[in-house]
Amino acid sequence: MDKKMFCFQCEQTAAGTACTGKAGVCGKQADTAALQDKLTSELIDLALSARGNERYLTPAVDKMVMECLFATVTNVNFDNHVLAQLIDRVEREKARFNDRRSCQHDGCQSSTSYHISQLWNSSEDIRSLKSLILFGLRGMSAYAYHADVLGYRDEAVAGFFYKALCAIGSPDAEMDALLPVVLETGAVNLRCMELLDRANIETFGSPEPRQVSLTVEKGPFIVISGHDLYDLKELLEQTEGTGINIYTHGEMLPAHSYPGLNKYPHLKGNFGTAWQNQQTEFADIPAPVLFTTNCLMPPRPSYMDRVFSTEVVAYPGVTHIGEKRSFTPVIQKALSLGGYARDMHFTGINGGESVMTGFGHHAVLSAADTVITAIREGLIRHIFLVGGCDGAKPGRNYYTEFVQEAPEDSLILTLACGKYRFNDLNLGTISGLPRLLDMGQCNDAYSAIKVAQALAAAFKCGINDLPLTLVLSWYEQKAVCILLTLLHLGMRNIWLGPSLPAFLSPNVLAFLVEKYNIMPISTPEKDLPRMMSH
């Protein structure tokens, strides 16, 4: 670890091994990576310091831990000043715990005694398992954070962050002790996704299928990206009566399906495609863009002054909206730019003029009888879940080709931003249902799990006995924690791509293949017959 940086947490890591130079593929600089490593080290040391003193933990400390972990997720925080502030907060909290300890030990000091290099320099199998836990925690922190914003928290979820951080920081942990924590990360993430699902539904209503236009109407507008629905609600309320229209981008698209959000008439449609195209798509739009979560790419100078961030998102030179969420600067920028002089008709990647979303578990299960009957009558021969993260790395056209080549008697569920590869395609219908059902954001993998469990119950079989195949694309750490949740549930025959995680050692990968039959994708022509034979 004598390079300028070491990071292998995302799918696009350099050469498929690790980013070790002056900057990562994501645009993160080496000094920023070092600060994120220090922040992670401080969090691990805080957890070790709090062990035995859990009674002093508070919701405010829990939220700080979630926020700090979230800040280390890929494409979230690039601002060294903000990261330094977070480190300072954790150090102060750690000192508070150390002051309360009745014993003296090496951790009772203001600076961290644990350093992340201890993890990176571990044996490859220990490093692999601890990385699975750490990256799963980072992904889960995002879901827990969004739920907390809406006033929903779970003490078991919050408490697990400390337990898992302690496992990462344990110098004596062996494989047989770490494997259960890996699977427990998946179990707790399931609970966390259920919490966020409940928070979103009880706050904004159950998602309903909705056709979303890709046309941007003339006049001033704001594009809002990310996952946080509360930020969108605040923006919609603050722009009422201003003449400004709001357009979603990326993972904010499913917001159109929530009754508590689509009731606003100035929530007009969706702009742009997947997150990795933003540097081209945002280059010359006459409107500001608000990032509420990842995935932010380093803004180009041509549109830097039109980018705003909120929550944990930060980038040097970008105007940040604080916790009070006064979006006045964004509104003023939209009014000054004025928007387009006429309606602009944009299309999806495949030329479609609209996309459909809103097939959450309530919507799909309301049509469960139709789906069950269609399966029994042979009208639906197979169900594919084709979902996950999108990215710029070559090979992701696999998912477009897969959906196009899937048999016409197959139903395709999708979720997360990977759907932008194909969600504007018209795949027709089966028994009155669209063949392509967008279930929502990445955290809405919970909906897919609920549907799979309901179908298994209806057919009195296990989930692995269903004519169901998971074809997943991954990019960052939220995909990691979802994968761990699927493993916790014992789901087998998962096809993963476009490449396997660099942080999986050969032994850990062999274990996952043997126990769960995880398979790398190859080509649709080769993979489809094998999937259909299940």
Side-chain angles (χ1 to χ4, degrees), residues 207-212 253-254 257 348 350 352 354-388 398-416 418-442 444-473 482 486 489 491-495 521 524-525 527-534:
E208 301 167 347
R210 188 174 178 87
Q211 198 79 28
V212 182
L253 167 64
S257 64
N350 303 289
S354 66
V355 292
M356 198 165 191
T357 189
F359 290 95
H361 56 89
H362 284 97
V364 175
L365 292 179
S366 69
D369 289 344
T370 300
V371 174
I372 292 168
T373 300
I375 292 174
R376 284 177 171 154
E377 294 179 353
L379 300 177
I380 295 178
R381 187 156 55 106
H382 208 87
I383 300 175
F384 296 102
L385 172 61
V386 186
Y398 170 95
Y399 298 95
T400 307
E401 296 169 2
F402 183 94
V403 168
Q404 290 174 321
E405 295 177 20
E408 293 184 359
D409 56 0
S410 63
L411 190 66
I412 298 171
L413 310 177
T414 189
L415 48 83
K419 62 177 169 278
Y420 280 99
R421 294 275 170 172
F422 49 77
N423 68 336
D424 63 323
L425 291 171
N426 183 0
L427 300 181
T429 61
I430 297 180
S431 298
L433 291 173
R435 278 190 59 220
L436 179 62
L437 304 177
D438 175 13
M439 305 192 81
Q441 298 179 344
C442 54
D444 292 313
Y446 177 75
S447 278
I449 291 169
K450 291 278 287 184
V451 169
Q453 290 174 331
L455 289 175
F459 287 105
K460 296 181 174 58
C461 66
I463 289 179
N464 291 316
D465 300 315
L466 290 169
L468 169 68
T469 302
L470 307 185
V471 188
L472 306 182
S473 57
I482 291 172
L486 297 176
L489 292 169
M491 299 191 76
R492 293 175 51 83
N493 309 311
I494 299 171
W495 297 70
I521 60 170
E525 293 80 8
D527 296 344
L528 268 167
R530 294 177 62 192
M531 296 174 186
M532 294 294 294
S533 67
H534 172 62

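Index from 1, following the sequence. From a predicted model like this one, the values you see are computed outputs, not experimental measurements.
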* When you measure from the side chain of D424 to the backbone N and O of G352, does any donor-acceptor pair fall under 3.5 Å? -> yes
* Heavy-atom pair with the smallest gap, counting every atom of E408 and I430 -> O-CD1, 3.5 Å
* To do: For residues A458 and R376, report the shortest heavy-atom separation together with the two atoms involved.
  => O-NH2, 3.6 Å
* Asked: Side chain of K450, backbone of L365: donor and acceptor closer than 3.5 Å?
  -> no
* Applying side-chain contact (heavy atoms from CB on, under 4.5 Å), run through M356 and D438 and close with a yes or a no. => CA-CA 7 Å; M356 198 165 191; D438 175 13; over 6 Å; no
* Any N426 side-chain heavy atom under 4.5 Å of L436 side chain -> no
* To do: Please report the closest heavy-atom contact between G388 and A416, naming both atoms and the distance.
  => O-CB, 3.1 Å
* To do: Output the distance between atom NE2 (H362) and atom OG (S257), rounded to the nearest 0.5 Å.
  => 12.5 Å
* Donor-acceptor contact present, side-chain Y399 to main-chain L472, <3.5 Å -> yes
* N493 vs T469 side-chain heavy atoms within contact, under 4.5 Å -> no
* To do: Kindly indicate, with the supporting measurements, whether the criterion side-chain contact (heavy atoms from CB on, under 4.5 Å) is fulfilled by D527 and W495.
  => CA-CA 9 Å; D527 296 344; W495 297 70; 3.3 Å; yes
* Kindly indicate whether the side chain of I482, heavy atoms from C-beta on, has any atom under 4.5 Å from the side chain of C442. => yes
* Asked: Are there more than 12 heavy atoms of other residues, nucleotides or ligands under 6.0 Å from atom CD of E525?
  -> yes
* Centroid-centroid under 6.0 Å between F384 and F402 rings -> yes
* From L437 CG over to L385 CG, what is the distance, rounded to the nearest 0.5 angstrom? -> 11.0 Å
* Which atom of L379 lies closest to which atom of S431, heavy atoms considered -> CD1-OG, 3.5 Å
* Structure fact -> side chain to side chain contact (heavy atoms under 4.5 Å, CB included) with N423: of V212, N350, L253, V403, only one passes, and it is L253
* Going by heavy atoms in the side chains, are Y398 and S473 under 4.5 Å from each other? -> no
* Are Q453 and L489 close enough that some pair of their side-chain heavy atoms sits under 4.5 Å apart? -> yes
* To do: Would you please test E208 and F359 for side-chain contact (heavy atoms from CB on, under 4.5 Å) and show each step?
  => CA-CA 7 Å; E208 301 167 347; F359 290 95; over 6 Å; no
* To do: Would you give the length of the straight line joining atom CG of L455 to atom CD1 of I463, rounded to the nearest 0.5 angstrom?
  => 9.5 Å
* Structure fact -> Rounded to the nearest 0.5 angstrom, the CG-CD1 distance for D409 and I380 is 9.0 Å
* Structure fact -> d(D465 CG, F459 CZ) to nearest 0.5 Å is 12.0 Å
* For residues M439 and T414, determine if any side-chain heavy atom of one lies less than 4.5 Å from a side-chain heavy atom of the other. => no
* Structure fact -> Heavy atoms of R435 and L411 approach each other most closely as O-CD1, 3.6 Å
* Asked: So, do P467 and R381 sit near enough that their side-chain heavy atoms are less than 4.5 Å apart?
  -> no
* Decide yes or no for I383 and L413: does some side-chain heavy atom of the first lie under 4.5 Å from some side-chain heavy atom of the second? => yes
* Asked: Stepwise, does the side-chain contact (heavy atoms from CB on, under 4.5 Å) test hold for L466 with I375?
  -> CA-CA 10 Å; L466 290 169; I375 292 174; over 6 Å; no
* Out of curiosity, F422 CZ to Q404 CD, how far, rounded to the nearest 0.5 Å? -> 10.5 Å
* Asked: Sub-3.5 Å donor-acceptor pair from the side chain of S410 to the main-chain atoms of P407, do we have one?
  -> yes
* State, to 0.1 Å, how close L415 and A445 come at their nearest heavy-atom pair, and which atoms those are. => CD2-CA, 3.5 Å
